[in-house]
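Below: the structure, in structure tokens.
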Amino acid sequence: MANPPEYLTSLFTSYAAEPAETRPFVTLTFAQSLDGKIAGAGGKQLPLSGPESMLMTHWLRTLHDGILVGSGTALNDNPQLNTRLLPPAPADAPDRNPRPIIIDSRLRLPPTCKLLNNYKAGTGRQPWVVSSEPSQRDAEWEARRDALTAAGARVLLLPEHSSAARIPALLTLLRAEGIRTLMVEGGAAVISAFGACATTCVNTILITTAPRLVGAAGVGYEMPEQDDEHGFHTVETRLVGRDSVVALRRDA
Ligand SMILES: NC(=O)C1=CN([C@@H]2O[C@H](COP(=O)(O)OP(=O)(O)OC[C@H]3O[C@@H](n4cnc5c(N)ncnc54)[C@H](O)[C@@H]3O)[C@@H](O)[C@H]2O)C=CC1
Ligand SMILES: Nc1nc(O)c(N)c(N[C@@H]2O[C@H](COP(=O)(O)O)[C@@H](O)[C@H]2O)n1
């Protein structure tokens, strides 16, 4: 298959061509177990998606300008967030990899991480690391900022906000930097933060559910109760390999 499956492109064609001026279109997406866990005990990274739905996730990545994870995921999983599972594209085709974006208030991302190594090797876009300038001079934060910049990252600064205002401010910043479509992959704190403002900040929620149980010690996430009148409605339900994929869209 040389292009994303039609059921994925059709989720976005109706609106992603005309992004709002002030915020990107946001797709919140992750894989979970039947009992709603996204990782194992102690945050152990789990291969929840089967090969077919993992491939789908890589196609989904091609449909977004940016791919965002929190620093917890970046540290725990050392992810690549690229499209390496896809069949090779023609040499003259545009880069299909989305821009990796890490929310990292304390700048904990290691300069030796795979995202920066891939960028240096030409197999990934330059990672953007979004932080907030400390309220007082902080030599450690400055040293980490300088080390990340020297390793190739771009550090973007978000003004300090209350926790409820941070996601809207982040989206405004990313849209001003040219991100029109944003795929949010996790982890638990980031999913919960986007979930809390989903009715204004998220356009599509796409959840892959794998047929396994992780148990109570696994890592879960929080979502607010869905409001039938103003909430999301189901636009896709399908089996992808052994996993079920459900997509919800927020009413315009
Ligand atoms: N199954 C799946 O699809 C996925 C699973 N995971 C799993 O999730 C776990 C990591 O989750 P967490 O530890 O919760 O880390 P996280 O990836 O959610 O990152 C938490 C960090 O993100 C930043 N952050 C979060 N919310 C913010 C907000 N509202 N404003 C500003 N900054 C904010 C902060 O720096 C915070 O320390 C790992 O076990 C990983 O394997 C991660 C991604 C996808
Ligand atoms: N779709 C999906 N299925 C799973 O089973 C997963 N564990 C994840 N995790 C997310 O993907 C990131 C890893 O990406 P790379 O393979 O390194 O490109 C991981 O950090 C999570 O964000 N996703």
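Ligands are counted one by one from 1 in listed order, and the atoms in each one are counted from 1 as well.
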Practice task
Report yes or no: do Thr83 and Asn97 form a side-chain donor-acceptor pair below 3.5 Å?
Solution key: yes
Handout entry: Identity of the nearest option to atom 32 (N) of ligand 1, non-hydrogen atoms only, from Leu107, Leu158, Ile103
Key = Ile103
Exercise for the section: Please report which non-hydrogen protein atom sits nearest to atom 4 (C) of ligand 2, along with the residue it belongs to and the distance in Å to one decimal place. Expected result: Ser49 OG, 3.5 Å
Practice task
If you have a sec, work out which protein heavy atom is nearest atom 16 (O) of ligand 2 and how many Å separate them, to one decimal?
Solution key: Arg84 NH2, 2.7 Å
Applying a strict 4.0 Å limit to heavy atoms, is [X] in contact with ligand 2?
X: Lys114; value: no
X: Thr73; value: yes
X: Gln32; value: no

Problem - ligand 1 N/O within reach of Val219 N/O, cut-off under 3.5 Å - result: no
Completion exercise
In short, ring pair (Phe, Tyr, Trp, His ring centres under 6.0 Å) pairs touching residues 60-80 with sequence neighbours left out are Phe12-His64
Practice task
Report yes or no: does a heavy atom of Val69 sit under 4.0 Å from some atom of ligand 1?
Solution key: no
Atom indices of ligand 2, in the order listed, that fall short of 4.0 Å to a heavy atom of [X]:
X: Asp77; result: 19 (C), 20 (O), 21 (C)
X: Arg61; result: 11 (O), 12 (C), 14 (O), 15 (P), 18 (O)
X: Pro47; result: 5 (O)
X: Glu185; result: 10 (C), 11 (O), 12 (C), 21 (C), 22 (O)

Checking the N or O distance criterion of under 3.5 Å, is ligand 2 in contact with [X]?
X: Leu48; result: yes
X: Pro79; result: no
X: Val69; result: no
X: Asn78; result: no
X: His58; result: no

Completion exercise
The side chain to side chain contact (heavy atoms under 4.5 Å, CB included) partner of Leu55 among Leu85, Leu60, Val240 is Leu85
Completion exercise
Glu140 meets the salt bridge (charged side-chain N to carboxylate O under 4.0 Å, His left out) criterion, sequence neighbours left out, with Arg144
